[in-house]
There are 2 protein chains.
Amino acid sequence: MQDHPKKSDQNIDFGVLDEFLGYRLRRAQMNFFAKFGEVCDDLGISPGLFAVLAIVDRNPGLTQTAVAQALGNDRSAMVAAVDKLEGKKLLERRPAANDRRSYALFMTEEGTAFFANAVERVSCYENEMAKCLESDKEKQWLLDMLERLAHKSL
Amino acid sequence: MQDHPKKSDQNIDFGVLDEFLGYRLRRAQMNFFAKFGEVCDDLGISPGLFAVLAIVDRNPGLTQTAVAQALGNDRSAMVAAVDKLEGKKLLERRPAANDRRSYALFMTEEGTAFFANAVERVSCYENEMAKCLESDKEKQWLLDMLERLAHKSL
DNA sequence: TATTGTTATACTCTATAACTATA
DNA sequence: TATAGTTATAGAGTATAACAATA
């Protein structure tokens, strides 16, 4: 075999994919998720669960639905997420004061410490990844850009 | 209810999520996928299938495994993808010349036309989304940045 | 009537392991 | 022995619809 040189990874033509933000965003994001998995492997939390903790940590007392809306996913998906986090004693559901239909979410003491540790790890690899960027100003510019792209409508 | 103003979507504190590229990348990418779905709804292809077509279109004769490697996913995932695309008569498997284990992938005529049409649609909404960016130079800068972030290792 | 949490369900995407036929 | 395609399978993520309790 290999009498004729084959197309290898290096010389594949990506065509329009090279110019599409959608494709490039996906590849970059996949890499970030993979790195998150490596760094937080033993913690037993996914990027999604990390995001829930981040919201509850800064906004104690929110309902499940409010957290779901903030993160842009369906409230039905929050049930399993909160179940897991409550099972790990990282947060807890308390009956809401004014509405007996809903729960208010609060971090436990253990959860606060756990999350602080997780933030430290994630910050560490985020900074490592950000070494692709020239300056802190460039990173801020990129963050603003991504925020705009996340909310742009057609 | 609502005697005390509740925390609404507008004043939720996203904490560290606001500074994390990983989170911002995910939100931006989710928006792009949602827009792709809206625009290509009737075409019956996902972003993943579109990417396969893009690679085969520009690199006729590649094996399934080569396409999988180019796109960064497992070769087992290619089976269903190629099955779907072949079922829609957009590409075809031909026995590889030198290796009876593998197939070479080629676009059909119909597939070429279909893909050209899809590219037109996706380009259209990509351009609309890119209006978030100040200039074409900025877009190129963003694409380069995303490419680096996609390949950065810890 | 509308909303909260929940359940059931389903669909996509992704990854792993094992099998077969070839190399 | 190693590789290409395949199959079976399992896990995560996401979304929809419907229900009971409550507003």
Side-chain angles (χ1 to χ4, degrees), chain A residues 1-3 6-9 23 26-27 29-31 33-34 36-38 40-41 44-52 61-86 91-105, chain B residues 1-3 6-9 23 26-27 29-31 33-34 36-38 40-41 44-52 61-86 91-105:
Chain A
M1 191 46 20
Q2 203 74 4
D3 15 6
K6 272 195 176 179
K7 218 154 204 146
S8 72
D9 269 42
Y23 179 71
R26 176 176 172 271
R27 293 302 295 258
Q29 194 241 307
M30 291 280 89
N31 194 27
F33 268 27
F36 185 100
E38 290 174 27
C40 296
D41 187 30
I45 55 163
S46 63
L49 294 179
F50 179 90
V52 172
L62 282 189
T63 65
Q64 291 184 189
T65 297
V67 174
Q69 282 172 346
L71 294 175
N73 43 33
D74 197 87
R75 71 201 149 98
S76 68
M78 286 297 299
V79 181
V82 174
D83 281 354
K84 273 181 205 162
L85 295 172
E86 199 172 36
L91 56 73
E92 56 185 19
R93 287 184 245 235
R94 297 186 200 158
N98 306 322
D99 189 336
R100 283 190 303 176
R101 287 173 305 181
S102 61
Y103 295 117
L105 301 178
Chain B
M1 189 41 21
Q2 202 74 4
D3 18 4
K6 269 196 176 177
K7 220 154 200 145
S8 73
D9 270 43
Y23 180 72
R26 175 174 174 272
R27 293 301 295 258
Q29 194 242 307
M30 291 281 90
N31 193 26
F33 268 26
F36 185 100
E38 289 174 27
C40 296
D41 185 30
I45 55 163
S46 62
L49 294 179
F50 179 90
V52 172
L62 282 190
T63 64
Q64 292 184 188
T65 298
V67 175
Q69 283 172 346
L71 294 176
N73 43 32
D74 198 86
R75 71 203 150 95
S76 69
M78 286 298 298
V79 180
V82 175
D83 281 353
K84 273 182 205 162
L85 294 172
E86 198 172 36
L91 54 74
E92 57 185 18
R93 288 183 243 236
R94 298 185 200 159
N98 306 322
D99 189 336
R100 283 189 302 176
R101 288 173 304 181
S102 61
Y103 295 116
L105 301 178

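So that the names make sense, note that chain A is the first sequence line, chain B the second, and so on, each numbered from 1.
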(request) Tell me, please, which residues at least two apart from B:R101 pass salt bridge (Lys or Arg N to Asp or Glu O under 4.0 Å). (result) B:D99
(request) Report the residues that fulfil salt bridge (Lys or Arg N to Asp or Glu O under 4.0 Å) with A:R75, sequence neighbours left out, ordered by chain and then residue number. (result) none
Using nucleotides 2-4 of chain C, report all nitrogen or oxygen pairs with the protein that are shorter than 3.5 Å.
residue : atom : partner : partner atom : Å
C:dT3   : O4'  : A:R101  : NH1          : 3.4
C:dT3   : O2   : A:R101  : NH1          : 2.5

(request) Map A:M30 and A:V82 onto DNA chain C by nearest heavy atom, then report which one ends up closer to the 5' terminus. (result) A:V82
(message) A:D83: which residues meet the salt bridge (Lys or Arg N to Asp or Glu O under 4.0 Å) condition with it, sequence neighbours left out?
(response) A:R93
(message) What's the separation between atom CG in A:L85 and atom CG in A:L91, rounded to the nearest 0.5 Å?
(response) 5.0 Å
(request) Ignoring backbone atoms, establish whether A:R100 has a side-chain N or O less than 4.0 Å from OP1 or OP2 of D:dA21. (result) no
(request) Could you tell me which residues satisfy ring pair (Phe, Tyr, Trp, His ring centres under 6.0 Å) with B:F36, sequence neighbours excluded, listed by chain and number? (result) B:F50
(request) Using the test side-chain hydrogen bond (donor to acceptor under 3.5 Å, both in side chains), find all partners of B:N73 that sit at least two apart in sequence or belong to another chain. (result) none
(request) Please identify each residue that fulfils side-chain hydrogen bond (donor to acceptor under 3.5 Å, both in side chains) with A:R94, with sequence neighbours left out. (result) A:E92
(request) Let me see the working for A:Q64 and A:L105 under side-chain contact (heavy atoms from CB on, under 4.5 Å), right down to the final yes or no. (result) CA-CA 7 Å; A:Q64 291 184 189; A:L105 301 178; 4.1 Å; yes
Could you list, one pair per line, each protein nitrogen or oxygen that sits under 3.5 Å from a nitrogen or oxygen of nucleotides 8-13 of chain C, together with the distance?
residue : atom : partner : partner atom : Å
C:dC13  : OP1  : B:S46   : OG           : 3.2

